[in-house]
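We number each residue from 1, following the sequence as shown. In each ligand, atom 1 is the first atom listed, and ligand 1 is the first ligand listed.
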Amino acid sequence: MKLIDVTVPLDARVPVYPGNTPFTLEAIKRIARGDSSNVSTLHMSAHSGTHVDAPRHFFDAGPAAEALSLELLLGRARVIEIASRAGVGPDELAQHDLSQDVRLLIKTHNSRLWASPRFHPDYIGVTEEGAHYLVDRGVKVIGVDYLSVEQFKNPGAPAHHVLLGAGAIVIEGLNLRDVQPGEYEMFCLPLRVVGADGAPARVVLRGN
Ligand SMILES: [Zn+2]
């Protein structure tokens, strides 16, 4: 039972979505400075690194991070690989049998972008039609391998609206570089931050 950690490390090198708070670990107390212990303060966006989006991200009345279903966040997940650099749409998704899948993680070229601390706006996102395709097939958890499920600056953020509006959970910021397509058991545990539109998560896959 091999465990694969698909969480990106949170450090000063983690790319930041434009406009979001960069991740920093601020030293409040340090033994090296004569304090009795080491204590830090974390500064970060709710959407830093590997994280979930709650419906609250785009809907004021939607559930926030603390209300996300653990039943959905834990369980069998399928990893598919999509070679398109243009976007994840119905044509790309139709090449995979998703009829049994509640949880789907989409591996793309994006996973290679984590090697760079710079934010890459040319990452691959899910199109509006792709989002409808997933919802229509009963997928409830969609994981992507860069900082947004949305194509960069797509007006109106249709993929977010379609997915979160349907009650799906979006996991963003996965690193799937070392993951082969196939079935896994997924453990995705976002922090229980009350009222948050998103929450950092540790995500681990267990192979069969
Ligand atoms: Zn997000």
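- The aromatic rings of Phe152 and Phe119 sit tilted, their planes meeting at an angle between 30° and 60°.
- Nearest N/O/S atom of Asp53 with respect to the Zn ion (ligand 1) is recorded as OD1.
- Judged by distance alone, the side chains of Ser116 and Arg13 never bring a donor and an acceptor atom under 3.5 Å apart.
- Seen from the Zn ion (ligand 1), atom OE1 of Glu172 and atom ND1 of His47 lie 170° apart in angle, a value rounded to 10°.
- Take the N/O/S atoms of His51: the one nearest the Zn ion (ligand 1) is NE2.
- Between Tyr146 and Tyr123, the ring planes are tilted. Angles from 30° to 60° get that label.
- Heavy-atom minimum distance, Pro22 versus Val16: CA-CG2, 3.7 Å.
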